[in-house]
Amino acid sequence: MYEKTLTQLAAALKSGEFSSRELTAHYLQRIEKADGKLNSFISVTAEQALKQAEIADNDRAAGKAGLLTGIPLALKDIFCTKDVKTSCGSKMLDNFIAPYNATVVEKLNAAGTISLGKTNMDEFAMGSSNENSYYGPVKNPWDLKAVPGGSSGGSAAAVAAGLVPAAMGTDTGGSIRQPAAFCGITGLKPTYGRVSRFGIIAYASSLDQAGPMARSAEDCAHLLGIIAGHDGRDSTSVARGVPDYVENLNAPLSGLKIGLPKEYFGDGLDPEVEKAVREAVKVYESLGATVRDVSLPHTHYAIPAYYVIAPAEASSNLSRYDGVRFGHRCENPSDLIDLYTRSRAEGFGEEVKRRILIGTHTLSEGFFDAYYTKAQQVRRLIRQDFLDAFEDVDVLMGPASPTPAFDLGAKKDPVSMYLQDIYTIAINLAGIPGISVPAGLAGGRPVGLQILGTHFAEAQLLNVAHQFQQATDWHLQRPAFAEEYA
Amino acid sequence: MAIEDSHVRRAAHLARLAISDDQASGFVDDLSRILEMVDQLQSIDTEGVMPLSHPLDATQRLRADEVTESNQRDTFQRCAPAVENGLYLVPRVVE
């Protein structure tokens with residue numbers, strides 16, 4: 001069963017080939033056997049999952065099943081799930097049982113999908129390797145010495161290893177697309193505001209966005225259709241109709257205009273990654289697309305701007321963890337300040353502290369204009385680069401990451417880790433959607449082709465990605481690890 | 001703009017984050033390298049560019065001033081470290 005895509009599983013459930021209970025038990029068994037080596041889950045909610053599966057089977061028998069009724073999924077541990085631990089990868093929330101569901105979770109429940117559990121992640125979604133988790137690093141199923149990427153590393157590794165057919169992630173600077181690329185799966189970051197952020201633990205509120213991570217673009221199209229849409233409980237969610245993302249998948253690509261940003265093929269790009277991406281572009285040419293070079297002149301300022309804006313927002317968002325209302329509280333506080341400062345010192349890990357300190361510093365008196373205002377001005381220039389490019393081309397293509405997955409422990413210096421996100425971070429600053437699709441291997445590790453579109457162009461991105469997946473089979477390739485637990 | 005020990009300590013104080021002397025010097029090193037990278041921003045001319053705070057330039061939506069939530073104090077206090085009679089307990093603030 002695990003070798004099927006989510007779309008194939010939905011068809012098998014419909015035809016009665018197996019029940020949701022059988023399917024759910026199958027994946028739970030795979031998690032039990034294999035996850036000791038991967039560490040992709042923080043919590044596995046087996047009992048609840050089997051109960052939900054039984055309800056799904058009953059609904060199906062009663063003729064009340066939707067397309068994804070009875071499909072098992074996993075949720076990054078950043079989505080609040082009622083009565084289930086929601087840790088955000090942090091000691092701070094190790095004891096936090098969420099009292100409500102995120103809107104994404106409500107929508108998935110209403111669609112009849114089943115949650116197998118909560119996946120591992122970099123603490124508070126801050127990281128590009130999943131090495132910043134309080135619950136330990138996740139291993140990449142393609143090579144257990146390699147990182148799975150981050151921050152949605154657990155979701156990516158679990159899908160790649162066939163422990164779950166699809167998972168939800170969030171992306172603030174590349175946290176869906178980069179781990180999808182590193183683990184050889186398909187991951188979509190929607191337009192800012194397309195998916196409600198209600199109940200998603202906030203990192204950087206003007207950048208955060210949730211999206212699906214699965215085997216194929218078709219799988220992602222089904223899932224996006226469920227989770228997208230306006231939500232009155234998130235004032236930044238956009239009041240705009242949700243198109244049918246599946247209906248457009250088979251539109252032909254003849255006449256599609258592809259732009260290759262020259263800044264995405266420069267210094268620091270691994271030659272094997274470049275080769276795989278250029279091969280993928282050739283596939284598009286054979287499908288009738290035309291290709292031209294374009295420029296996004298402010299690309300190199302995206303990381304500097306991000307490391308002002310995201311930590312500034314984080315320092316504000318994370319001020320709520322004070323040891324009073326929820327989360328970690330230090331022992332025997334001597335006074336209120338001691339309670340705050342020690343609870344926070346004990347509850348947060350190194351990278352989170354670093355970003356809180358940068359954010360607090362850059363927002364503080366005497367530094368605000370030079371850092372924060374400047375970064376927001378540069379953010380507008382970065383967005384304008386994309387808007388200008390989309391005047392001439394339909395989509396942009398390039399690598400999702402300059403290298404394939406690196407080894408665990410290889411990047412000790414925070415700045416060298418930050419620079420990994422050179423091709424993904426500007427997309428969040430601009431608020432546009434992006435998808436990473438498997439496009440080959442480099443040194444035995446997967447390469448992700450990133451496809452970018454203008455605001456709300458998700459249907460087009462999914463169509464463009466799906467057509468590539470009709471012409472190639474990179475997305476169907478599995479690491480040997482997945483077969484070991486067949 | 002260089003960052004000094006006093007800046008890190010001020011930020012830690014403002015962020016209510018206890019840090020030891022050893023940690024402070026580690027953070028001075030890390031933050032210096034990060035801010036050195038950030039300082040590339042100063043080389044761009046942004047004269048007259050409006051700061052962008054929302055990627056779609058949206059403004060805050062308004063809604064009718066109506067009560068939409070019910071009181072769920074007990075539910076929300078179930079995850080609190082210490083409560084009594086519906087109140088959050090903290091060390092004594094006023095003697």
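Just so it is clear, the values below take in all heavy atoms, side chains as well, and ignore hydrogens, waters and symmetry mates. So you know, we letter chains A, B, ... as the sequences are listed, proteins then strands, and number each from 1.
When His300(A), Arg354(A), Glu350(A), Lys353(A) are compared by the number of non-hydrogen pairs under 4.5 Å with chain B, Arg354(A) comes out ahead. Of the listed residues Asp413(A), Ile309(A), Ile382(A), Ile356(A), the one with more heavy-atom pairs under 4.5 angstrom with chain B than any other is Asp413(A). When each of Leu363(A), Leu336(A), Leu357(A) is scored by its heavy-atom pairs under 4.5 Å with chain B, the top score falls to Leu357(A). When Arg325(A), His298(A), His361(A) are compared by the number of non-hydrogen pairs under 4.5 Å with chain B, Arg325(A) comes out ahead. Ranked by heavy-atom pairs shorter than 4.5 Å toward chain B, the options Phe348(A), Tyr301(A), Tyr307(A) are led by Tyr301(A). Interface remark: of the candidates Tyr100(A), Tyr340(A), Tyr371(A), Tyr371(A) forms the most heavy-atom pairs closer than 4.5 Å to chain B.
Between Asp208(A) and Lys189(A) no salt bridge is recorded (no basic side-chain N to carboxylate O distance below 4.0 Å). Remark: Arg383(A) engages Asp57(B) in a salt bridge, criterion side-chain N to carboxylate O under 4.0 Å. Here Glu36(B) does not pair with Arg33(B) in a salt bridge; the nearest charged N to carboxylate O distance is not below 4.0 Å.
Interface remark: Ala305(A) contributes backbone and side-chain atoms alike to the contact with chain B (heavy atom separation under 4.5 Å). Glu313(A) does not touch chain B: none of its heavy atoms, backbone or side chain, sits under 4.5 Å away. Residue Ile97(A) touches chain B through its backbone alone, counting heavy-atom pairs closer than 4.5 Å. Residue contact with chain B, scored on non-hydrogen atoms closer than 4.5 Å, involves the backbone and the side chain of Ser206(A) alike. Contact of Val324(A) with chain B is made through backbone and side chain together, with heavy-atom distances under 4.5 Å. Using a 4.5 Å cut-off between heavy atoms, Ala375(A) touches chain B through backbone and side chain atoms alike. Heavy atoms of Arg329(A) lying under 4.5 Å from chain B belong exclusively to its side chain. Residue Ser315(A): no heavy atom, backbone or side chain, is found under 4.5 Å from chain B. Heavy atoms of Phe96(A) lying under 4.5 Å from chain B belong exclusively to its side chain. For Thr362(A), the part lying near chain B is the side chain, with the backbone staying farther off; criterion is any non-hydrogen pair under 4.5 Å. Within the 4.5 angstrom heavy-atom criterion, only side-chain atoms of Leu31(B), from C-beta onward, approach chain A. Looking at Arg379(A), both its backbone and its side chain come within 4.5 Å of chain B, counting heavy atoms on both sides. Looking at His455(A), only its side chain comes within 4.5 Å of chain B, counting heavy atoms on both sides. Contact of Ile303(A) with chain B is made through backbone and side chain together, with heavy-atom distances under 4.5 Å. Using a 4.5 Å cut-off between heavy atoms, Phe456(A) touches chain B through its side chain atoms alone.
Annotation for Asn132(A) and Met126(A): closest pair ND2-O, 2.8 Å, computed over non-hydrogen atoms. Of all heavy-atom pairs spanning Ala12(B) and Ile19(B), the tightest one is CB-CD1, 3.7 Å.
Side chains of Thr299(A) and Asp385(A): a donor-acceptor N/O pair is absent below 3.5 angstrom, by distance only. No side-chain donor from either of Gln376(A) and Ser53(B) sits under 3.5 Å from a side-chain acceptor of the other. The closest side-chain donor-acceptor pair between Ser87(A) and Asp94(A), if any, does not fall under 3.5 angstrom.
Between His7(B) and Leu35(B), the closest side-chain pair of non-hydrogen atoms is not below 4.5 Å.
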Under 3.5 Å, side-chain donor or acceptor atoms of residues 64-78 of chain B against the rest of the protein: list the pairs with distances, not counting sequence neighbours.
unit_1	atom_1	unit_2	atom_2	d
Asn71(B)	OD1	Arg73(B)	N	3.0
Gln77(B)	NE2	Gly86(B)	O	2.9

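The aromatic ring centres of His54(B) and Tyr192(A) sit less than 6.0 Å apart.
Using cut-offs of 30° and 60° on the angle between ring planes, the pair Tyr372(A) and Phe368(A) is tilted.
Annotation: side chain to side chain contact (heavy atoms under 4.5 Å, CB included) contacts of Glu346(A) (sequence neighbours excluded): Lys91(A), His328(A), Cys330(A), Arg342(A).
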